[in-house]
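Notes follow the structure.
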Amino acid sequence: MTIEERGIIMDNSYLKQDQLISYQLSIQQRIDTHQHRNVELIFLLKGSLKIRIEEEEFNLEEQDIIIVNSTFKHKISAEHHVTYVIFHLNYYKILELLHASKVFFLCNSSIGKKEDYVQVRKYLTNILKVHYENQVPNQINLNSLYYQLLDHFISHFSVTYNKGTVDGAYRGVERRNEIENYIEANYFKSISLKDLAEFLFLTPPYVSKYFKEQFGMNFNKYLNQVRLFHAVNELLGTNHSITSIAMNNGFPNVNSFNKLFKEEYSNTPHDYRINSTQEQRKDILELPSYWRENLKDIFELPADREQSMVSNQLSILEVHGNDKTPFFRYWTKVINLNEAAMLSNFSPQEQITKLKQDLGFEYGRIWNVFSKDMKLLTPSKSTKLNFFNLERVFDFLMDHQIKPYIVLNPLEDFHQLSIIDDSDSEAITKFIDIFKSFISHVNNRYGKTQVKEWYFEVVFNVENKKCNESFFFQLFNSIKEVLYSFSVEFKVGGPGLPIHLSTGSSKEFLTKWFVNPYQPDFITIHSDLQPGSGMEGERELRKIMDAQYIQNQVLMVKRIIKDIGYDLHDIELSNWDFNMSHHNMLNDSCYKAAYLIKNIIDSYGLLQAMGYWYALDSLSELADTPNLLYGGSGLLSTQGLKKPSYYVVILVIPLSSRQMKKAMLPARTDIQSVRAV
């Protein structure tokens, strides 16, 4: 079997217990789904590569770098010839060096800023040069580069969980992690259940019971499985003797190793090694001479190519004064107000009027228009609907030139309208009858010319597997059919995709939606942070670690829409939040104001609307708090005090609504350069 057929060009992938990093150079176009305990880093040298990590898929181009964290399932595929390096980082050696219980690496140049990865590329390239320039690599030089690389990752691309810092709801998960880490760090020693119990400051009987509940086996069986896993790795990756392998991996003697190995693999270690196709790998550890010449061109980046990856410290803004286009204040197109019933009070109306004057926003996003508080359903047996309370809300909005941006939430609206025990088709029919009466009423009251400019967002919880997608599509089609019977100029969209939703899940849902009889006129994304099970996964950590998180996720959605061949440019972040708490003093700070400015600039040109959640503290559940400031998410405090975030929305472009119609920016303005300056 040739090198090209096997896909491995250069192999130094076996990790000894005390070794920090190993690697292999590969041209393999497909590696099926797998997982392993060590951290994996992929450095793409030539071609393009797709890598799927858990539920997310990423497209890597030349010089891209990505890290797959410990035990994360992943697979690799390429349509054409590729050359890449897979680095294996000894996860438990890293934990030992950091005195940590867990480390997550957030390294993915395909969705990050390219200049952040220039130094990483230099370390990786230098490591590879040591191998291909020397028949016998200088281990001192290599180890130096390994530690420099790891130090850079820890400083710039990682989140470290120190021992003893996690408690409460996460303690059970943390204890299991501690057990796994302890065994991985000590499996090659003579350890017992008593040693583990002392490490955890618990009694052996309790640990024994807990271990069986968590791992489905006793301590000794799990320990032997870990030892066998590493023994097989060493058996196939080295020429070490069977005796050395047994001793290196914690077995008391060769006989016990042979016995356990045969029970697990139905063969002796010696015969397993001989029969394994992996035996051939030792014949290609030496890099062929013709590959040395080819790799030299890959490893030695031209100076101008490397320089192009780094943005200059000083950015130049080129302005052509005679070529102008309007500047779009997309972040003031829509502002989140509250549920309809909350808007009928005088105090919020006064503040909303003030916001309208200062911000000049066009749409007010409201929800629960069919709530029981609005008393649409009359208590008599009459089927006539009572729109009096809704009229008060919409009269106020229309009187102040605020166009309604109406949220339709099927699960909530059906419950409020007591449509709960019917079949899907019957429930949709009942709701559509009410909705059609509502649209007919507002058309008659405010005129079709005004109502056709309203927005209707039909939301759906894509992450909730219990929710029926076909039900949502059927309901959406029915809503749009009703609106189009009045005017085809109505804007109907949704579904409020969670901004953290994986590429695969987003693509799957949108692909199904766009083959329906009625497609959305706009796509909405929600970025409301909700409490979850802790910052355990890469996507959760990216929310707090990725400075361009919102921008990168919006770009992901735009790529998906383009990939599935649908021409839709109206993408709106209709609901975005600063944090999950509406009682956090950061909401009242300049820190939040800086956060707003950054995301407004980052998303310019990507979104048609960006509705911050939410406008007023006086509309929050904590509005009766006596304190002047209590950390509410509003732009205005309950007493009308203007917070720093209020001035951000106004002063990004300090012009009145009338002036905004005349405001122009040069057409060739480079937004990236503006941000850099």
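Aromatic ring centres of Phe387 and Phe394 lie farther apart than the 6.0 Å criterion allows.
In this structure, a donor-acceptor pair under 3.5 Å is present between the side chains of His441 and Glu391. Side-chain contact of Lys333 with Tyr455: a donor-acceptor pair under 3.5 Å is present, judged by distance alone. Tyr405 and Glu572 share a side-chain donor-acceptor pair at under 3.5 Å. A donor and an acceptor atom, one from each side chain of Asn575 and Tyr614, are nowhere located under 3.5 Å apart. No hydrogens or angles considered: nothing links the side chains of Ser371 and Glu339 as a donor-acceptor pair under 3.5 Å.
Under a 3.5 Å cut-off, the side chain of Gln349 and the backbone N or O of Leu343 do form a donor-acceptor pair. Between the side chain of Asn336 and the backbone N or O of Gly611 there is at least one donor-acceptor pair closer than 3.5 Å.
Between Phe509 and Phe472, the angle of the ring planes lies from 30° to 60°, which puts this pair in the tilted group.
We find that Asp358 and Lys354 are joined by a salt bridge, their nearest charged nitrogen and carboxylate oxygen being less than 4.0 Å apart. Of the charged side-chain nitrogens involved, none lies within less than 4.0 Å of a carboxylate oxygen, so that Asp570 and Lys491 do not count as a salt-bridged pair. Under 4.0 Å is where a charged nitrogen must lie from a carboxylate oxygen, and between Glu57 and Lys507 no such pair does. Between Lys512 and Glu508 there is a salt bridge, since at least one side-chain N of the basic residue sits less than 4.0 Å from a carboxylate O of the acidic one.
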Check against ring-ring contact (aromatic ring centres under 6.0 Å, His included), Phe72 and Phe105: CA-CA 12 Å; Phe72 276 42; Phe105 293 96; over 10 Å; no
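Residues Phe435 and Leu408 are in side-chain contact: their nearest non-hydrogen atoms beyond the backbone lie under 4.5 Å apart.
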